[in-house]
Amino acid sequence: MLRKRTILLVTVCMLLVSCSGEEQTAHNEAFAMDTFVTVTANGKNAGSAAELAIERIRELEGIWSVTDSGSDIYRINHEGSGEVHEETAELIDFSVGISAASQGAFDITLYPILREWGFTGEEYKIPDDRRISELLLNTGSEKISVQDMTVTVPENMQLDLGAVGKGAAGDIAAECLRNNGIDSALLNLGGSITAIGTKPGGESWKIGVRSPFGEENAAVITASDCSVVTSGAYERYFIGEDGKIYGHILDPETGRPAESDLASATVVGSSGRLCDALSTALFVMGSEKAEKFRQERDDFEMLLITNDGGIIITEELAAHTEIAEGFDENVRIIYPAQADAG
Ligand code: AMP
Ligand code: MG
């Protein structure tokens with residue numbers, strides 16, 4: 001089988017600081033949470049604030065890692081229960097809520113099935129149907145219990161915060177930057193973006209949404225003080241011996257890679273963890289269910305790219321988005337649900 005994604009086991013930690021008087025621009029890069037992380041911060045003490053933000057991300061990696069034997073998640077996965085850090089309890093509780101709200105499209109209990117497909121390592125394989133059915137018996141976020149700081153899962157259930165951790169870490173690292181006096185910064189955790197304030201001159205940040213079909217941008221979002229997170233199978237996939245593409249986002253109902261009409265789902269909002277969880281959930285749902293889901297709640301904006309290159313975008317986001325040539329021919333705008341005319 002063809003391995004399409006090479007994980008670069010490189011850790012770069014670089015700090016570039018340019019100063020004018022006391023104002024600084026710091027650009028800090030690291031490899032954390034299995035991805036490249038960059039923090040660009042502007043303001044007084046930007047250099048030390050950016051370093052603290054990266055440190056905070058590393059701490060979160062340490063408690064949410066599935067492979068590090070000292071992590072909260074490892075303990076739950078191997079002992080079935082454990083007292084965890086507040087951040088972990090909160091994130092698991094939040095994830096259980098999103099799982100219910102998305103009618104199971106988002107589910108943090110898929111780790112054993114992801115491992116079976118090889119998505120947790122590099123040895124990809126297509127599991128047989130019987131094995132998937134067996135493993136599906138031990139999934140379902142509604143079976144997770146969070147009581148204060150104690151998390152308990154049924155026997156053979158294992159958790160993975162991969163679909164929500166980067167967004168949540170972005171929120172927490174942004175809070176760390178703000179607490180250190182930074183009101184202009186851009187955090188990028190492997191494509192999960194959190195923008196604090198605006199650029200130093202007051203101009204909004206420009207955030208690219210990558211085309212799922214190539215390296216170019218499909219759209220550019222102009223934004224300040226928000227998170228932008230994209231999910232797509234193109235981020236990690238393999239081509240099976242049958243020639244089919246198998247992506248890393250699973251449909252929790254079937255235990256197989258989600259096959260909706262979407263090539264990517266981008267969510268914009270004020271909470272990074274919500275954007276992260278929902279981008280994964282919408283990708284699984286497909287455009288029809290995603291649109292219905294959006295009509296029921298208005299705490300996020302979305303930009304969906306369909307497999308045939310079409311764009312479906314919420315009205316508010318459309319006003320802040322420039323769609324690239326080639327993607328601008330097939331754009332559909334979603335308007336808020338009309339209140340019933342009495
Ligand atoms: P994201 O890139 O945020 O969409 O997260 C995808 C990652 O979350 C995958 O690599 C898996 O580790 C995990 N995952 C896959 N499918 C799901 C799902 N339906 N719900 C929650 N997590 C998932
Ligand atoms: Mg996600």
Side-chain angles (χ1 to χ4, degrees), residues 4-5 7 33-37 61 64-67 73 77 91-92 94-122 124 127 132 135-136 139-142 144 157-171 188-194 209-210 212 227-238 246-260 262-269 271-286 289-290 293 300 302-305:
K4 272 313 279 187
R5 182 175 178 264
I7 297 179
M33 298 188 121
D34 203 20
T35 195
F36 284 104
V37 174
E61 174 185 35
W64 295 342
S65 163
V66 267
T67 49
I73 297 301
N77 288 354
L91 190 55
I92 293 176
F94 169 80
S95 299
V96 171
I98 295 293
S99 185
S102 67
Q103 297 186 330
F106 179 81
D107 190 344
I108 57 169
T109 68
L110 303 175
Y111 189 65
I113 307 185
L114 287 159
R115 195 171 45 216
E116 200 69 20
W117 282 93
F119 287 118
T120 57
E122 289 281 285
Y124 296 123
I132 295 180
L135 292 173
L136 277 172
T139 63
S141 292
E142 72 285 355
I144 302 170
M157 179 177 278
Q158 295 196 321
L159 310 182
D160 155 42
L161 297 175
V164 68
K166 290 199 281 286
D171 289 337
N188 184 345
L189 285 87
S192 172
I193 312 279
T194 300
V209 176
R210 223 191 92 179
S227 293
V228 180
V229 184
T230 300
S231 286
Y234 68 91
E235 291 172 320
R236 183 190 279 222
Y237 65 93
F238 72 95
Y246 294 92
H248 69 129
I249 300 173
L250 302 185
D251 181 341
E253 213 171 290
T254 62
R256 302 175 62 81
E259 282 185 77
S260 69
L262 296 181
S264 78
T266 297
V267 176
V268 182
S271 153
R273 68 182 188 179
L274 181 72
C275 293
D276 196 353
L278 290 187
S279 66
T280 309
L282 299 184
F283 181 82
V284 173
M285 287 179 195
K289 282 190 187 162
F293 182 75
F300 70 96
M302 68 182 190
L303 185 161
L304 310 175
I305 304 182

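Every number for a ligand or one of its atoms is a count from 1 in the order of the listing.
Residue A163 holds the heavy atom nearest to atom 22 (N) of ligand 1 of all those in G165, G162, G167, A163.
Only protein N, O or S atoms were scored, and 4 of them lie under 2.8 Å from the Mg ion (ligand 2).
Looking at every heavy atom in both residues, T230 comes nearest to S279 through C-OG, 4.1 Å.
Judged purely by atom type and a 3.5 angstrom limit, S192 has no side-chain atom pairing as donor or acceptor with the backbone of V229. Listed for the D171 side chain is a donor-acceptor partner under 3.5 Å among the backbone atoms of R273. Looking at D276, its side chain does come within 3.5 Å of a backbone N or O of G167 through a donor-acceptor pair.
Side-chain atoms of W117 and I132, non-hydrogen and from C-beta on, do get closer than 4.5 Å to each other.
Atom 1 (P) of ligand 1 has as its closest protein heavy atom T280 OG1, 3.3 Å. Ranking protein heavy atoms by distance to atom 13 (C) of ligand 1, first place goes to D160 OD2, 3.4 Å. Counting protein heavy atoms only, atom 19 (N) of ligand 1 is closest to L250 O, 2.8 Å. Ranking protein heavy atoms by distance to atom 14 (N) of ligand 1, first place goes to L114 CD1, 4.2 Å. Among protein heavy atoms, atom 10 (O) of ligand 1 sits closest to H248 ND1, 2.8 Å.
Salt-bridge formation is not detected for the pair K166/D34: no Lys NZ or Arg NE/NH1/NH2 atom is positioned less than 4.0 Å from an Asp or Glu carboxylate oxygen.
With ring centers used as reference points, F238 lies under 6.0 Å from Y246.
Here is the list of ligand 1 atoms found below 4.0 Å of a heavy atom in S231: 1 (P), 3 (O), 4 (O). Within ligand 1, counting atoms from 1 as listed, the ones closer than 4.0 Å to a heavy atom of D276 are 3 (O). Interface atoms of ligand 1 facing P252, defined by a heavy-atom separation under 4.0 Å, are 19 (N).
For the atom pair L135 CG and L110 CG, the distance stands at 10.5 Å (nearest 0.5 Å). If you take CD on E61 and CG on L161, they are separated by 13.0 Å, rounding to the nearest 0.5 Å. Note that OG of S95 and CG of D160 are 10.0 Å apart. Values are rounded to the nearest 0.5 Å.
Exactly one of L274, V268, T194 qualifies for a side-chain contact (heavy atoms from CB on, under 4.5 Å) with S227. That residue is T194.
Heavy-atom distances between S279 and ligand 1 stay at or above 4.0 Å for every pair. The closest approach between any non-hydrogen atom of F119 and ligand 1 is not below 4.0 Å. Close to ligand 1: A105, with a non-hydrogen atom less than 4.0 angstrom away.
Considering backbone and side-chain N/O atoms, D107 comes within less than 3.5 Å of an N/O atom of ligand 1.
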- prompt: Should D107 and S99 be marked as a side chain to side chain donor-acceptor pair (under 3.5 Å) after you check the CA-CA gap, both sets of side-chain angles, and the distance that decides it?
  reply: CA-CA 6 Å; D107 190 344; S99 185; 4.7 Å; no
Verdict with reasoning, S102 to M285, per side chain to side chain contact (heavy atoms under 4.5 Å, CB included): CA-CA 8 Å; S102 67; M285 287 179 195; 3.7 Å; yes
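Under 4.0 Å from ligand 1, not a single heavy atom of V164 appears. Contacts with ligand 1 closer than 4.0 Å are made by side-chain heavy atoms of E235 only, the backbone lying farther away. Counting heavy atoms under 4.0 Å from ligand 1, residue L110 touches it through the side chain alone.
R236 forms no cation-pi arrangement with F119, by the criterion of a distance under 6.0 Å to the ring centre and an angle within 45° of the ring axis.
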